[in-house]
Amino acid sequence: MSPTFPSLRAPVRLTSAARRRRSVALLILIGSIVALGPCRAQDLAAPPDAAFAPAPREQRPADSASYCGRRLGTWFYCEAPAADSASKPADPPLHARTPPEIAELEAYQQQLEEAGKAASWNPTTANVERYMRLQRISLDKSGLFSDLWRRVVWNNPDLDYTVQRPTGSVAKNEFDSERQSDRDLFLRSVSAEIGVFYVYSGVCGPCRVASPIIKDFSDRYGVPVKVISTDGAANPVFGQTLPDRGQLKAWGIEHPVTPALLIFQSPTPMGPDGLYAKRTVATVEGRAMQLRPCEQARGCLTYLGAGVMSVEDIAERFFVLLSKDPGADY
């Protein structure tokens, strides 16, 4: 006769002795786990459907065997802690080293300023003498600088400006004579391509002085002159005048000053290469001067100046504006 087994669904009642034996076994098992300490994740066989969640980050620094603040197993992943930019030491500021000469000069300037204030506010003999002795240091330095300057210029012709633009009386006279010859030859050679607009007024006193000077300039260099009258008055020197009917404003002259001169230049024709043709004038000594090109289809206007000017001044301004690049004379 087969034995009768109790149903698996029915609860199994344990005796008091059995319950005590089970409690003792659980205590022994818990003690063994605590004694073993932390184990690696791969040593624990987890069921396939177990849910894994990242362990909370402990607030303690990580050592060489830990990551994210705790010991990790082989298959444990977490985000690396972000670098704290605030804790990174800033680069020290760069300070340029002040040359000793500059430091010494600044200290002297401060002493001189303080001595000057003291002497002016409390002009005692001692204060004034101290200020004068400090000033004497500056005078001595300036004298030494001037002397060394001329010695360096004498030894280096490329630094001597007077080679290009003489200042001595003998060389300057020769330079001025050659320049005047070049200027006169240039203006007479290009007179057919340029002209003068003379802004005039019948009630302008200086115009009565400027008119014969401008007429003399025109006769000397063959440059034609057209008189524009701001008030319609005739000019006794030139006779016929052109009344201003808005052309001055169209040229950008809102408030015309009289007397005034404007240079008119005819447009420069294009060469076969598509560039503006160069107008070259050769001097007696073989130097080449070029008339600046006018790239405007209706001609170019340049304001020469206002007020009473001599013939030499007018000719020099014409020469510079039409043939010299900025800085070429200096």
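- Summarising the geometry of R208 relative to G202, their closest heavy-atom pair is NH1-O, 4.2 Å, with the distance given to 0.1 Å.
- Side chain of R317 to backbone of L304: a donor-acceptor contact under 3.5 angstrom is found.
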- Message: Between E174 and V170, does the side-chain contact (heavy atoms from CB on, under 4.5 Å) criterion hold? Intermediate values first, please.
- Response: CA-CA 7 Å; E174 179 63 22; V170 177; over 6 Å; no
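- Residues L322 and V223 share a hydrophobic cluster, clusters being chains of Ile/Leu/Val/Met/Phe/Trp/Tyr side chains in contact below 4.5 Å.
- Under the 3.5 Å distance criterion, the side-chain polar atoms of S218 are left unmatched by any main-chain donor or acceptor of I214.
- Residue M132 qualifies as open at atom CE: its count of foreign heavy atoms under 6.0 Å is 12 or below.
- A donor-acceptor pair is defined here as one N or O able to donate and one able to accept, closer than 3.5 Å; such a pair exists between the side chain of Y200 and the backbone of A234.
- The side-chain hydrogen bond (donor to acceptor under 3.5 Å, both in side chains) search around E312 returns R183, R220, not counting sequence neighbours.
- Remark: the S266 side chain and the R298 side chain contain no N/O donor-acceptor pair separated by less than 3.5 Å.
- Between the side chains of T162 and D160, at least one donor N or O lies within less than 3.5 Å of an accepting N or O.
- The cluster map of Ile, Leu, Val, Met, Phe, Trp and Tyr, joined by side-chain heavy atoms under 4.5 Å apart, puts I314 and V209 in the same cluster.
- Residues passing the side-chain hydrogen bond (donor to acceptor under 3.5 Å, both in side chains) test with T125, sequence neighbours excluded: none.
- Donor-acceptor pairing under 3.5 Å is lacking for the side chains of N235 and S229.
- The OH atom of Y221 sits 11.0 Å away from the CG atom of L185 when rounded to the nearest 0.5 Å.
- Looking at residues two or more places apart in sequence or on another chain, you find no side-chain contact (heavy atoms from CB on, under 4.5 Å) involving P157.
- Checking T124 against N127 by side-chain atom types alone, a donor-acceptor pair falls below 3.5 Å.
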- Task: Any chance you could lay out the ring pair (Phe, Tyr, Trp, His ring centres under 6.0 Å) test for F217 and F318, step after step, and finish with the verdict?
- Result: CA-CA 11 Å; F217 167 81; F318 261 86; 5.1 Å; yes
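- No donor-acceptor pair closer than 3.5 Å links the side chain of S138 to the backbone N or O of Q135.
- Between atom OG1 of residue T280 and atom CG of residue L291 there is a gap of 9.5 Å, rounded to the nearest 0.5 Å.
- Considering only residues two or more places apart in sequence or on other chains, R188 meets the side-chain hydrogen bond (donor to acceptor under 3.5 Å, both in side chains) condition with none of them.
- Side-chain contact between V196 and L262 is absent, with no heavy-atom pair separated by less than 4.5 Å.
- Closest approach of Q111 to L134, counting heavy atoms only: O-CD1, 3.7 Å.
- The SG atom of C300 sits 12.5 Å away from atom CD1 of I194, with the distance rounded to the nearest 0.5 Å.
- Put simply, NZ on K117 and CG on L112 are 11.0 Å apart, with the number rounded to the nearest 0.5 Å.
- Considering every non-hydrogen atom in both C294 and G299, the closest pair reads SG-C, 3.5 Å.
- No continuous path of ILVMFWY side-chain contacts below 4.5 Å connects V128 to Y131, so the two sit in separate hydrophobic clusters.
- Without hydrogens or angle criteria, S177 side chain to N173 main chain gives no donor-acceptor distance under 3.5 Å.
- If you take CD on E114 and CZ on R130, they are separated by 7.0 Å, rounding to the nearest 0.5 Å.
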Please set out all donor-acceptor pairs under 3.5 angstrom arising from side-chain atoms of residues 245-259, sequence neighbours excluded.
{"from": "Q247", "atom 1": "OE1", "to": "R245", "atom 2": "N", "distance (Å)": "2.6"}
{"from": "Q247", "atom 1": "NE2", "to": "P243", "atom 2": "O", "distance (Å)": "3.2"}

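- The hydrophobic clustering, which links ILVMFWY residues whose side-chain heavy atoms are closer than 4.5 Å, places F264 and F186 apart.
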- Test side-chain contact (heavy atoms from CB on, under 4.5 Å) on Q180 and E316 and set out the steps. CA-CA 8 Å; Q180 182 176 351; E316 181 67 16; over 6 Å; no
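- With a 4.5 Å cut-off on side-chain heavy atoms, T230 and V199 count as touching.
- At least one side-chain heavy atom of D182 sits less than 4.5 Å from a side-chain heavy atom of R287.
- Counting non-hydrogen atoms of neighbouring residues, nucleotides and ligands closer than 6.0 angstrom, the NZ atom of K324 exceeds 12 such neighbours.
- Within the 4.5 Å cutoff, the side chain of R279 has heavy atoms near those of the E193 side chain.
- With hydrogens and angles disregarded, a donor-acceptor distance shorter than 3.5 Å links the side chain of N156 to the backbone of V152.
- Under the 3.5 Å distance criterion, with hydrogens and angles disregarded, a donor-acceptor pair is assigned to the side chains of S211 and Y198.
- Residues E104 and Y108 have side chains that never bring a donor and an acceptor to within less than 3.5 angstrom of each other.
- In terms of heavy-atom proximity, F175 sits nearest to Q164 at CE1-O, 3.8 Å.
- Linking Ile, Leu, Val, Met, Phe, Trp and Tyr residues whenever their side-chain heavy atoms come within less than 4.5 Å places L321 and F319 in a single cluster.
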- Please test V281 against V190 for side-chain contact (heavy atoms from CB on, under 4.5 Å), starting from the C-alpha separation and ending with a verdict. CA-CA 8 Å; V281 178; V190 301; 4.1 Å; yes
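- Contact detail for P293 and Y276: the closest heavy-atom pair is CB-CB, 4.2 Å.
- Checked against side-chain contact (heavy atoms from CB on, under 4.5 Å), V203 has the following partners two or more places apart in sequence or in another chain: S201, D231.
- You'll find the side chain of E101 stays beyond 4.5 Å of the side chain of L105, heavy atoms only.
- W149 contributes atom CH2, which lies 14.0 Å from atom CH2 of W154 (distance to the nearest 0.5 angstrom).
- When all heavy atoms of T268 and R292 are compared, the pair lying nearest together is OG1-O, 4.4 Å.
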- Give the intermediate values and the outcome of side-chain contact (heavy atoms from CB on, under 4.5 Å) for residues L301 and I263. CA-CA 6 Å; L301 274 177; I263 303 174; over 6 Å; no
